[in-house]
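Right, one structure below, let's go through it.
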Amino acid sequence: LASFIDANNIEINGDKKITIESKKIIIATGSKPGSLPFIELDKERIITSTEALKLKEIPKHLIIIGGGVIGLELGQVYKRLGAEVSVIEYADRITPSMDMSLSRELMKVLKKQGVKFYLSHGVSNVKRNDKEITVTANDKKGGSTEFKGDYCLVSVGRKPHTKGLNLEAIGVQLNERGQVEVNEFLQTSINNIYAIGDVVRGSMLAHKAEEEGVMVAEFLAGQKPHIDYNLIPNVIYTWPEVASVGKTEQQLKEEGLNYKIGQFPMRALGRARASMDIDGFVKILADKETDEVLGVHMIGARAADLIAEAVTAMEFRASAEDIARMSHSHPTYAEAIKEASLNNTYVLPPFLTPEREELLDELRNHWLPSHLTRIHLSSGGSEANESAVKLAIQYQASRGKPEKNIILTRSLSYHGTTLNMSGISGHTARKRGLESYVPAPRTIETPYPLRLSLIHISEPTRPERISYAVFCLK
């Protein structure tokens with residue numbers, strides 16, 4: 001353990017006591033896991049991320065307090081190893097510091113993998129009884145819920161590790177969060193002492209600390225270094241990975257900036273489909289007037305690597321069109337960045353956004369029969385039904401079936417925030433000499449402007465058997 005004797009001398013206590021002297025000193029002691037005041041960490045069953053990395057067994061039920069980066073990364077690891085995993089988060093979404101669309105998509109993917117989430121729940125008590133842990137949490141309505149498991153991971157952030165450094169004695173100032181106060185050159189209140197990494201303000205990221213270390217070294221060498229903290233990328237190492245750089249959409253709204261969005265789904269990439277990693281998307285935010293890229297947010301395979309392209313572009317203040325005009329190798333995951341830039345630059349109708357994917361899931365789960373076998377997405381308008389009929393006929397022809405077996409339904413229309421299944425209009429069907437079928441009226445609550453056409457391909461005696469659906473995106 002090292003501690004300051006004065007501004008130029010440090011005492012090191014190990015096997016033997018050593019004192020060293022230096023003209024310049026850098027504090028880079030990092031951080032340690034944080035906790036809540038009422039939680040007693042026994043580091044056996046009630047643990048932090050440190051102990052979670054060296055457990056002797058796979059938990060039967062791992063309860064995670066905190067839906068941030070570390071909790072989700074470790075939670076997914078243990079879920080894959082066979083544990084039941086429950087995440088309790090105080091906020092109304094996971095990863096609250098990242099773009100909201102990333103939070104929503106990541107939670108959707110993790111839910112598919114079997115992770116359970118309890119949002120807007122504040123933990124009030126954690127108790128251990130032999131090998132059983134009981135966590136009590138209260139929701140916003142005042143209701144109380146008990147969670148029982150064999151391990152509890154407390155993952156509520158990290159705090160600067162400055163204990164024992166004797167900073168107060170030499171006059172190094174700390175802020176209210178326990179971080180070392182520094183100026184723009186990372187100097188502390190004592191001119192010859194510098195601080196970098198998790199002990200100072202900003203994101204607790206290894207690559208951020210690395211840049212700060214280089215900055216201090218260059219400053220001491222007489223150079224004039226600079227770090228743009230807005231361009232330090234954030235990464236969550238789940239699978240799919242999550243990465244972002246620059247402003248979130250929520251930040252741009254709060255700052256009153258006019259922006260435009262370009263987005264592209266990973267599932268539309270040849271590389272993603274070949275690799276069977278189709279979850280996620282790339283989202284690019286650009287200034288509405290200048291087209292300068294203001295933020296890039298992505299979730300998908302290799303996102304931790306892909307974000308470097310966005311950092312490079314933003315470091316040189318590239319526009320969305322600049323990226324859109326760059327050639328990207330095919331097939332690669334990086335093509336999603338080009339496609340999202342194209343979508344941003346030319347304001348093309350998004351093909352399949354996460355919101356629309358969410359709606360498709362909603363339609364499948366609550367309206368469409370489970371044996372729906374094909375879905376065709378179209379950006380068409382008035383000709384959408386005609387296109388649907390042509391596609392259905394082609395499909396039937398490939399199966400050697402006559403056109404008479406095709407039954408056409410009416411579109412779902414968009415009214416305010418509701419998609420209503422309207423009555424049948426047999427005009428298109430009769431024009432083709434097809435049969436028509438009137439389904440039972442249904443209503444699906446959704447904020448998304450889509451129209452839906454359903455093509456029934458079946459024997460006339462079994463009109464309930466749907467084989468084709470066309471979603472018309474307005």
Side-chain angles (χ1 to χ4, degrees), residues 1-55 64-66 68-71 73-74 90 97 123 125-126 128 151-217 220 229 232:
L1 180 66
S3 61
F4 284 93
I5 298 173
D6 55 42
N8 294 104
N9 291 278
I10 296 174
E11 182 179 271
I12 303 172
N13 291 307
D15 294 334
K16 59 181 181 178
K17 189 177 292 187
I18 303 172
T19 299
I20 60 175
E21 182 180 3
S22 178
K23 291 181 180 179
K24 306 291 182 182
I25 299 172
I26 300 175
I27 301 171
T29 48
S31 61
K32 59 183 180 180
S35 184
L36 298 175
F38 54 84
I39 297 179
E40 184 179 344
L41 296 169
D42 61 22
K43 299 187 178 182
E44 294 177 353
R45 295 278 170 177
I46 304 174
I47 60 176
T48 68
S49 56
T50 303
E51 295 76 45
L53 293 172
K54 52 186 178 183
L55 291 181
I64 300 176
I65 300 175
V69 175
I70 296 174
E73 289 174 343
L74 288 172
Y90 181 77
S97 63
V123 173
N125 195 20
V126 179
R128 175 182 176 181
Y151 285 90
C152 175
L153 169 60
V154 180
S155 178
V156 292
R158 299 179 66 84
K159 59 183 180 181
H161 190 14
T162 58
K163 186 178 180 180
L165 295 180
N166 200 29
L167 298 179
E168 299 83 358
I170 64 169
V172 172
Q173 294 180 359
L174 305 179
N175 62 21
E176 66 280 359
R177 300 182 62 185
Q179 298 166 326
V180 178
E181 286 279 12
V182 292
N183 62 16
E184 66 271 26
F185 304 113
L186 297 171
Q187 283 178 301
T188 68
S189 51
I190 306 299
N191 286 342
N192 69 303
I193 299 177
Y194 298 77
I196 65 170
D198 290 2
V199 293
V200 301
R201 76 285 187 271
S203 301
M204 291 185 173
L205 300 166
H207 48 279
K208 175 254 197 185
E210 179 185 344
E211 295 301 322
E212 289 176 333
V214 172
M215 178 179 177
V216 171
L220 294 177
Y229 285 95
I232 300 290

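Every heavy atom of this structure was used, including side-chain atoms; hydrogens, water molecules and symmetry mates were not.
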Enter the distance from [X]:[atom1] to [Y]:[atom2] here, rounded to the nearest 0.5 Å.
X: Asp42; Y: Arg128; atom1: CG; atom2: CZ; value: 5.0 Å
X: Leu55; Y: Glu44; atom1: CG; atom2: CD; value: 11.0 Å
X: Ile27; Y: Leu186; atom1: CD1; atom2: CG; value: 11.5 Å
X: Ile47; Y: Cys152; atom1: CD1; atom2: SG; value: 8.0 Å
X: Asn192; Y: Ile26; atom1: CG; atom2: CD1; value: 11.0 Å
X: Thr19; Y: Asn13; atom1: OG1; atom2: CG; value: 8.5 Å

More than 12 foreign heavy atoms under 6.0 Å from CD of Gln173: is that the case here?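 Count not over threshold, so no.
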
Over 12 non-hydrogen atoms of neighbours within 6.0 angstrom of CD in Glu184: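 Correct, the count exceeds 12.
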
To check you understand the geometry: which heavy-atom pair defines the closest contact between [X] and [Y], and what is its length?
X: Phe185; Y: Tyr194; value: O-CD2, 3.7 Å
X: Val123; Y: Val126; value: CG1-CG2, 3.9 Å
X: Ile64; Y: Ser155; value: CG2-CB, 4.4 Å
X: Ile190; Y: Val172; value: CG1-CG2, 3.9 Å
X: Gly34; Y: Val154; value: O-CG1, 4.2 Å
X: Ala7; Y: Ile170; value: N-CG2, 4.3 Å

Would you say the side chain of [Y] lies within less than 4.5 Å of the side chain of [X], judging by non-hydrogen atoms?
X: Gln179; Y: Val200; answer: no
X: Ser35; Y: Thr48; answer: no
X: Asp198; Y: Lys32; answer: no
X: Ser49; Y: Leu74; answer: yes

Determine all donor-acceptor pairs shorter than 3.5 Å in which one atom belongs to a side chain in residues 204-213; sequence neighbours excluded.
from   : atom 1 : to     : atom 2 : distance (Å)
His207 : NE2    : Pro233 : O      : 2.7
Lys208 : NZ     : Gly197 : O      : 3.1
Lys208 : NZ     : Arg201 : O      : 3.0
Lys208 : NZ     : Glu212 : OE1    : 3.4
Lys208 : NZ     : Glu212 : OE2    : 3.3
Glu212 : OE1    : Gly197 : N      : 2.7
Glu212 : OE2    : Tyr229 : OH     : 2.7

Got a list of side-chain donor-acceptor pairs under 3.5 Å for residues 160-167, not counting sequence neighbours?
from   : atom 1 : to   : atom 2 : distance (Å)
Asn166 : ND2    : Phe4 : O      : 2.9

Walk me through it: do Leu41 and Glu51 pass the test side-chain contact (heavy atoms from CB on, under 4.5 Å)? CA-CA 10 Å; Leu41 296 169; Glu51 295 76 45; over 6 Å; no

Okay, side chain of Asn175, backbone of Glu181: is any donor-acceptor separation there less than 3.5 Å?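 Side chain of Asn175 to backbone of Glu181: no pair is present.
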
Counting only N and O atoms by type, is there a donor-acceptor contact under 3.5 Å from the side chain of Asn8 to the main-chain atoms of Ser22?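 The answer is yes, because a donor-acceptor pair under 3.5 Å joins these two groups.
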
Do Ile39 and Ile65 pass the side-chain contact (heavy atoms from CB on, under 4.5 Å) test, and can you show the C-alpha distance, the side-chain angles, and the key distance before you say yes or no? CA-CA 11 Å; Ile39 297 179; Ile65 300 175; 4.0 Å; yes

